[in-house]
Amino acid sequence: MEDRQKFAFDKVNFILLAIGMAVVILGFVLMTGPATTETAFEPDIFSVRRIKVAPVICFLGFISMIYAIMRKPKSQK
């Protein structure tokens, strides 16, 4: 089967994309928590996890996804 189609991504690219997406989802999950309502103030909205850690994790996930897209697959002969 010499005439295999050449795709822009190989298996490693898709694995890296999936890992990056999982990291982004983890970051969004870390941002969740109780909300402040009109009757009760929730001080947890200012926690370090929600305003510093989670956005950094999301950012790293997006960077890894960009790397997975830009990564050039090894040429197969």
Side-chain angles (χ1 to χ4, degrees):
M1 300 227 161
E2 289 291 322
D3 57 334
R4 289 182 64 188
Q5 291 182 349
K6 295 197 179 216
F7 293 108
F9 290 167
D10 62 352
K11 184 178 179 180
V12 177
N13 288 79
F14 286 114
I15 291 171
L16 291 173
L17 273 171
I19 291 171
M21 181 62 73
V23 171
V24 170
I25 291 170
L26 174 67
F28 279 112
V29 167
L30 287 175
M31 281 188 220
T32 62
T36 297
T37 62
E38 292 181 11
T39 58
F41 175 72
E42 181 61 48
D44 189 46
I45 62 172
F46 298 113
S47 70
V48 173
R49 173 183 58 97
R50 290 176 79 176
I51 64 171
K52 291 185 180 175
V53 175
V56 168
I57 290 175
C58 284
F59 179 72
L60 292 175
F62 284 123
I63 294 297
S64 67
M65 288 174 65
I66 290 170
Y67 170 75
I69 292 170
M70 301 298 283
R71 180 185 168 276
K72 188 172 184 179
K74 304 270 191 240
S75 62
Q76 297 177 358
K77 291 187 175 186

Pairs of donor and acceptor atoms involving the side chains of residues 56-67, under 3.5 Å and at least two apart or interchain, shall be tabulated with distances.
| from | atom 1 | to | atom 2 | distance (Å) |
| --- | --- | --- | --- | --- |
| Ser64 | OG | Leu60 | O | 3.4 |
| Ser64 | OG | Gly61 | O | 2.7 |

What residues form a side chain to side chain contact (heavy atoms under 4.5 Å, CB included) with [X], not counting sequence neighbours?
{"X": "Ile25", "value": "Met21, Val29"}
{"X": "Arg49", "value": "Leu30, Asp44, Ser47"}
{"X": "Thr39", "value": "Thr37"}

Hydrophobic cluster membership, Leu26 vs Val48, 4.5 Å side-chain cutoff = yes

Could you pull out all residues at least two apart from Thr32 that satisfy side-chain hydrogen bond (donor to acceptor under 3.5 Å, both in side chains)?
->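 With sequence neighbours excluded, Thr32 shows a side-chain hydrogen bond (donor to acceptor under 3.5 Å, both in side chains) to no residue whatsoever.
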
side-chain hydrogen bond (donor to acceptor under 3.5 Å, both in side chains) partners for Arg71, two or more places apart |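 By the side-chain hydrogen bond (donor to acceptor under 3.5 Å, both in side chains) rule, Arg71 matches Asp10, Asn13.
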
Mind listing the closest non-hydrogen atom pair of Ile69 and Leu17 along with its distance?
-> CG1-CD2, 3.9 Å

For the residue pair Ala68 and Leu16, what are the closest heavy atoms and their distance?
->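 For Ala68 and Leu16, the tightest heavy-atom pair comes out as CB-CB, 3.5 Å.
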
Sequence-distant partners of Phe9, ring pair (Phe, Tyr, Trp, His ring centres under 6.0 Å), two or more places apart = Phe14

ring-ring contact (aromatic ring centres under 6.0 Å, His included) pairs, two or more places apart, involving residues 33-54 =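 Matches after skipping sequence neighbours: none remain.
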
